[in-house]
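Below is one structure, written out as structure tokens; the observations come after it.
Residue numbering restarts at 1 for every chain, and letters A, B, ... go by the order of the sequence lines.
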2 protein chains.
Amino acid sequence: MPVTLKELAARANVHPSTISRVANNDPGLRIATDTRSRIEALLRETGYQPNGIARGLKLRQTNVLAVVIPDVTNPFFAALFRGVEDVAAPRGFNVLLCNTDGLPERQRSHLQSLQARRVDGVIIASSFLKDPSVRDLRGQKRPFVLVNRFSDDGEDPFVGSDDLLGGQLATAHLIDLGHTRIGHLAGKSTVSTGMLRRRGYLAAHTAAGLAADPGLVVEAGYTEESGAAAARHLLSVPDPPTAVFAVTDMVALGTAEVARQMGFRIPEDLAIVGYNDIPLASRVSPGITTMRVPIHEFGSVAGRLLLDQIENDEPAQRRVRFTPDLIVRESTVAGLIRSARSARPNSSAEQGAPR
Amino acid sequence: MPVTLKELAARANVHPSTISRVANNDPGLRIATDTRSRIEALLRETGYQPNGIARGLKLRQTNVLAVVIPDVTNPFFAALFRGVEDVAAPRGFNVLLCNTDGLPERQRSHLQSLQARRVDGVIIASSFLKDPSVRDLRGQKRPFVLVNRFSDDGEDPFVGSDDLLGGQLATAHLIDLGHTRIGHLAGKSTVSTGMLRRRGYLAAHTAAGLAADPGLVVEAGYTEESGAAAARHLLSVPDPPTAVFAVTDMVALGTAEVARQMGFRIPEDLAIVGYNDIPLASRVSPGITTMRVPIHEFGSVAGRLLLDQIENDEPAQRRVRFTPDLIVRESTVAGLIRSARSARPNSSAEQGAPR
DNA sequence: TGCCGATGAACAAACGATTGCGCTAGCCTA
DNA sequence: TAGGCTAGCGCAATCGTTTGTTCATCGGCA
């Protein structure tokens, strides 16, 4: 059992409050030098660590953040989390990780538990456009930041990419390559990324004077498995598309796998574009053309936004949106020179800037 | 600000303790039915949630676990974490995630912070053979479980694979293929996995009556980058090996990349075996031959061991070791039929059993 | 009527820290 | 020598729960 203030006080023949002030380096504390050194010696000797629970109760601050994501085994969310922890740890915050598997019910129960725990702030990367959980959160005083997906078109603090533009650029790339029958393995229409990227897909068609075939848009979810299932469906229609824009790289990977199984050559029979540029996208063969977003930065910026809210006690309703960059690989263009430089994320590449 | 017991008590004209007992469904509580229903209505109406901090202070239990790993963007550790959370969440525990990047100093500071926070238990996957942090942990009363790496040959609760056997099987596979000059991109000798897999590598040589060339063993760390650097080194010697056993799949991936750059064909000029069978191993081309271990189960078993310790308040000094399975892919054997079945993790495959 | 046992709920002491305020010396000054 | 100032600490309330104990009331029974 760790030592308490009371025990130390007994050993030093002073009142607990005195120890507390010395340990916390209370500015403006008037204390005799010998008393202070006696106490400091005791603190060192015992390695006293204040009980964080008691401290939290008194100070109404836990120094704990929480990150709520669909699934940390998805590399996108793992990188996101690192971004958060990298800014939180140096500031003395620990971070809880909650996986929802995309289930609203699990998200709700996690958020409820986090509320009971009185975490100081929450970062949510699993929100829906209409999300009771987010609405509850707004009602509480608890600071939060949405990442990647926003909710309700609200004015909540948010960090993510310009998904409308991203969807448009991805699709325009396929149009530029001469494709006219372009499919879309869409995200859920209940999720902002799904809605906006799909809208971008349509906008690119309009801008090019092309008519998008509604039959070529199928909802594919966000996992590799659901993507594969949707792709199997899409590629089985009588007149299949010659190219697809997948809402995420994971969906693109599932698609590539299914396409290969069905005898499509990539990119000759089917060109594929993904989204996010997760590390996997550049490692598989063929490399997946994708929209690069600064994933780690999503996390670190969101973390900073959250910590500023917490420490300055201000609403800080900022919204940060990064512009995604098209990264062209072999899944859309055959015969690319696959050098390390072009195939792997390149740190000197131009990153989208907040605007 | 959430509602407190005291406020509810005022509204219901009863003492806070009465509310508490009703909320907690205190068995053996004698209470008038109308009082009870009045309180229950109030609880429902206000959606009362006890303050977890205050609760934790009183009950000396936080219902928080912590997982300490090198880096969650490494898919191995991400899967491990999921295993933990999947058993912790249903039991009402939240899980803190701490990344150390393999630095003892960061591990120490994390563990100190976790101690201050009074987490109920810790799972460590980043321990060293001689690890002051682990020794400190033994000194505390705080339950913990080591995963993947153990420490000090101690009797700490542990979940991992039989690394000696794994190293032996991996190397024997290369010997079986006819290789006689086999390199080893070793883990750190300060880490149990590094030490044992290297020992297994040597044992396989001995068993086959082969002499291992000490010049072909280089320490490669655990990241792709450090693995690549070590591989560059190893492959530059005058008489380079025709095969290597890499301590992890990440190191194997770095090796493959470097080998390709240096003009080695895989597996014709250089065969590569990894360890862990992370999802990436089956997705890259050529697929990486590796030793499969049940990663998710590492986490879930460790979580269960830890929770049992916490809830039953017993030491539960169990050690669980899984036997790894050799998964052969194209990085050691050319011309394999790359079907989905053989290239992707197969859930019906025989998993190593605890022994 | 008087006593006893249930019954129903209040009381109060924790848990371990933080912090505004009050108290007691000692010293200086007038 | 009395009064006041200040340095150096102690006091005690507080954060929100939990839980052993006590207390009042009431009905029943002798």
message: Keeping Ser151(A) on the side-chain end and Phe128(A) on the backbone end, is there a donor-acceptor pair under 3.5 Å?
response: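 Yes; at least one donor-acceptor contact below 3.5 Å.
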Selected nucleotide, minimal atom distance to [X] side chain, candidates [options]:
X        : options                   : value
Leu57(A) : dG16(D), dT21(D), dA9(C)  : dG16(D)
His15(A) : dT19(C), dG8(C), dC11(D)  : dC11(D)
Ser20(B) : dC9(D), dC15(D), dT19(D)  : dT19(D)
Pro50(A) : dC15(C), dA17(C), dA12(C) : dA17(C)
Arg21(A) : dG20(C), dG20(D), dC9(D)  : dG20(C)
Arg55(B) : dA10(C), dT17(D), dT19(C) : dT17(D)
Thr18(B) : dG10(D), dC15(C), dA10(C) : dA10(C)
Lys58(B) : dT17(D), dA9(C), dA17(C)  : dT17(D)

Nucleotide [N], atom [atom2] - distance to [atom1] of [X] in whole Å:
X        : N       : atom1 : atom2 : answer
Asn51(A) : dC15(C) : CG    : P     : 11 Å
Lys6(B)  : dA12(C) : NZ    : C1'   : 14 Å
Leu59(B) : dC15(D) : CG    : P     : 19 Å
Leu8(A)  : dT18(C) : CG    : P     : 12 Å
Ile39(B) : dG8(C)  : CD1   : P     : 13 Å
Leu5(B)  : dT18(D) : CG    : P     : 6 Å
Ile19(A) : dA17(C) : CD1   : P     : 10 Å
Arg30(B) : dG5(C)  : CZ    : P     : 14 Å

Between CG on residue Leu97(B) and CZ on residue Phe77(B), distance to nearest 0.5 Å: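 Output value for this atom pair is 11.0 Å.
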query: How many angstroms lie between atom CD of Glu45(B) and atom CZ of Arg11(B), to the nearest 0.5 angstrom?
result: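 The CD atom of Glu45(B) sits 5.0 Å away from the CZ atom of Arg11(B).
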Using a heavy-atom cut-off of under 4.0 Å over every strand shown, decide if [X] touches base, sugar-phosphate, or nothing.
X        : answer
Leu29(A) : nothing
Asn24(A) : sugar-phosphate
Ile53(B) : nothing
Ser17(B) : base
Asn13(A) : sugar-phosphate

- prompt: For Tyr222(B), is the NZ or CZ atom of Arg149(B) found under 6.0 angstrom from the centre of its six-membered ring and inside 45 degrees of the ring axis?
  reply: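 Yes; both conditions hold, so Arg149(B) lies above the ring face of Tyr222(B).
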Short side-chain N/O contact from [X] to OP1 or OP2 of [N], under 4.0 Å:
X        : N       : answer
Arg60(A) : dG16(D) : yes
Tyr48(A) : dG16(C) : no
Thr35(A) : dC9(D)  : yes

Under-4.0 Å salt bridge between Asp152(A) and Arg138(A):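 Yes, charged N to carboxylate O under 4.0 Å.
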query: How about Ile310(A) and Leu65(A): do any of their side-chain heavy atoms sit closer than 4.5 Å?
result: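 They are in side-chain contact.
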query: Does Val14(B) or Ala54(B) map to a spot on DNA chain C nearer the 5' end, using the closest nucleotide for each?
result: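 By nearest-heavy-atom nucleotide position, the 5'-most residue is Val14(B).
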